[in-house]
Number of protein chains: 2
Amino acid sequence: MPVPLYQAKAEFFRMLGHPVRIRVLELLQDGPKAVRDLLAEIDVEASSLSAQLAVLRRSGIVTATREGSTVVYALAGGDVAELLGAARRILTELLAGQNELLAQLLEEPA
Amino acid sequence: MPVPLYQAKAEFFRMLGHPVRIRVLELLQDGPKAVRDLLAEIDVEASSLSAQLAVLRRSGIVTATREGSTVVYALAGGDVAELLGAARRILTELLAGQNELLAQLLEEPA
DNA sequence: TGTCGAATTGAAGAAATCTTCAATTCGACA
DNA sequence: TGTCGAATTGAAGATTTCTTCAATTCGACA
């Protein structure tokens, strides 16, 4: 019994828990992309992007292959779209709930 | 445009990124549970569990209701099972991939 | 070979997160 | 009212994560 499963799950979600990493995964759903292209679409320093790409690589959710002088990243497989979709559905509910709450607070000033 | 969506997503995943919080969500899938019962099933200090429950509460993914002298937590709705399922499928692949890699390394000692 | 561009790495400091311990709140109940 | 149990909160300290800047690696190509 190496790593307890719930700990592996927690690490997995933590790996997803960064705006730049989310953006990268979303962009890679349209197909492989060179670092340079990712950099053009995400507002972040090159070295910071590299660090976040390294996190994704270490987890195994993306692969990096060198092509000439550039490096191309791709999803390693796995239905990332399904995961992000499920997350979006829940998130939509949560945000809606928060808006309701906000609306109530505005209606009933103490 | 309040919070960019990819940032909300990242925060959402970060909220999931803790072993105790994962355990709680898994346990709550069987129905509402009192804090005392969660505490009995998870190996953690009471105050630490409280802190993690507070994180879940603030995100809105669970609700807490006081019943007499105990507090009962429940999933706030949202298909958490679907999300955890999607995560497990990807995670299974990733772990399998890592095992392959490990096996290769053991086969071909440099 | 020398150098340019693309990408990564290392180190240092800032910021966020976790755990622990002590103190506090809130019902229940004698 | 006084006190017990359940749960939360606050503060302090340790750990992890992120960003930035400088230095480095690796191809490409003149």
Side-chain angles (χ1 to χ4, degrees), chain A residues 3-4 6-25 27-28 31-76, chain B residues 3-4 6-25 27-28 31-76:
Chain A
V3 179
Y6 52 84
Q7 177 151 351
K9 281 189 195 170
E11 277 170 31
F12 176 70
F13 284 121
R14 216 167 44 209
M15 175 273 287
L16 296 172
H18 189 289
V20 168
R21 297 196 290 262
I22 292 291
R23 288 286 288 135
V24 168
L25 292 179
L27 289 169
L28 292 186
K33 276 203 160 35
V35 172
R36 178 170 11 86
D37 297 335
L38 295 172
L39 201 46
E41 304 214 47
I42 308 178
D43 183 30
V44 65
E45 293 276 325
S47 59
S48 189
L49 176 59
S50 260
Q52 304 315 325
L53 289 174
V55 173
L56 293 174
R57 246 187 293 127
R58 274 196 297 274
S59 81
I61 203 172
V62 303
T63 60
T65 57
R66 174 142 226 141
E67 298 199 355
S69 69
T70 78
V71 175
V72 174
Y73 279 80
L75 294 183
Chain B
V3 179
Y6 52 84
Q7 176 151 351
K9 281 189 195 169
E11 277 171 30
F12 176 70
F13 284 121
R14 215 169 42 209
M15 177 272 287
L16 295 172
H18 189 288
V20 168
R21 297 196 290 263
I22 292 292
R23 289 285 288 137
V24 169
L25 292 179
L27 290 170
L28 292 185
K33 276 204 162 33
V35 172
R36 179 172 8 88
D37 297 334
L38 295 173
L39 201 46
E41 303 214 46
I42 308 177
D43 184 29
V44 65
E45 293 276 326
S47 59
S48 190
L49 175 60
S50 260
Q52 304 316 324
L53 288 174
V55 173
L56 293 174
R57 245 186 296 128
R58 274 196 297 275
S59 82
I61 202 173
V62 303
T63 60
T65 59
R66 174 143 226 140
E67 300 199 354
S69 68
T70 78
V71 176
V72 174
Y73 279 80
L75 295 183

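Order of the sequence lines sets the chain letters (A, B, ...), proteins ahead of strands, with each chain counted from 1. Because the structure is a prediction, the values reported are computed rather than measured.
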Exercise. Looking at the side chain of Ala54(B), which of dA28(D), dA7(C), dT9(D) is the nearest nucleotide?
Worked result: dT9(D)
For this session: Take the protein atom CD of Glu67(B) and the nucleotide atom C1' of dA28(C), then report the distance between them rounded to whole Å.
Result: 15 Å
For this session: Could you pull out the closest heavy-atom pair between Tyr6(B) and Pro19(A), with the gap in Å?
Result: CD1-CB, 3.9 Å
Problem set entry | Distance, rounded to the nearest Å, where Leu39(B) contributes CG and dA7(D) contributes P | 8 Å
Seminar exercise, completed: side-chain contact (heavy atoms from CB on, under 4.5 Å) test vs Val35(A) passes for just one of Thr70(A), Val24(A), Val72(A), Leu49(A), namely Leu49(A)
Exercise. Mind checking what makes salt bridge (charged side-chain N to carboxylate O under 4.0 Å, His left out) contact with Arg14(A), not counting sequence neighbours?
Worked result: none
Exercise. Taking CZ from Phe13(A) and P from dT17(D), how many angstroms apart are they, rounded to a whole number?
Worked result: 17 Å
Listing time: all N or O pairs from protein to nucleotides 15-25 of chain C that are below 3.5 Å?
from	atom 1	to	atom 2	distance (Å)
dC18(C)	OP1	Arg21(B)	NH2	3.1
dC18(C)	OP2	Arg21(B)	NH1	3.4
dT19(C)	OP2	His18(B)	NE2	3.4
dT19(C)	OP2	Ser48(B)	OG	3.1
dT19(C)	OP2	Gln52(B)	NE2	3.1
dC21(C)	N4	Ser47(B)	OG	3.1

Exercise. Can you list the stems that include DNA chain C, where a stem is three or more consecutive Watson-Crick or G-U pairs with distances under 3.5 Å?
Worked result: C:1-30 with D:1-30
Exercise. Does the side chain of Ser50(A) get closer than 4.0 angstrom to OP1 or OP2 of dT8(C) through an N or O atom?
Worked result: yes
Exercise. In Å and rounded to the nearest 0.5 Å, what is the CD to CG distance from Glu11(A) to Leu16(A)?
Worked result: 12.0 Å
Seminar exercise, completed: Taken to the nearest 0.5 Å, the spacing of His18(A) NE2 from Lys9(B) NZ works out to 16.0 Å
For this session: Please state how far atom CD1 in Ile42(A) lies from atom P in dT19(D), giving the value in whole angstrom units.
Result: 12 Å
Exercise. Got a sec, which pairs hit side-chain hydrogen bond (donor to acceptor under 3.5 Å, both in side chains) with one end in residues 34-45 of chain A, sequence neighbours left out?
Worked result: none
Seminar exercise, completed: Here the distance between atom C1' of dA7(C) and atom CG of Asp37(A), to the nearest Å, is 13 Å
For this session: Return the value, rounded to whole Å, for the distance between atom CZ of Arg58(A) and atom C1' of dT17(D).
Result: 11 Å
Problem set entry | Set of side-chain contact (heavy atoms from CB on, under 4.5 Å) partners for Ala51(A), sequence neighbours left out | none
Problem set entry | Atom-pair distance (CG on Leu53(A); P on dT19(D)), nearest Å | 12 Å
For this session: Look at Tyr73(B) and dT8(D) and indicate whether a side-chain polar atom (N or O) is within less than 4.0 Å of OP1 or OP2.
Result: yes
Problem set entry | Gap between atoms CG and C1', on Leu49(A) and dT9(C) respectively (whole Å) | 14 Å
Exercise. Which pairs with one or both residues in residues 47-62 of chain B pass side-chain hydrogen bond (donor to acceptor under 3.5 Å, both in side chains), sequence neighbours excluded?
Worked result: Arg21(B)-Gln52(B), Arg57(B)-Tyr73(B)
Problem set entry | Distance, nearest 0.5 Å, that separates CG of Leu38(A) from CZ of Arg23(A) | 9.5 Å
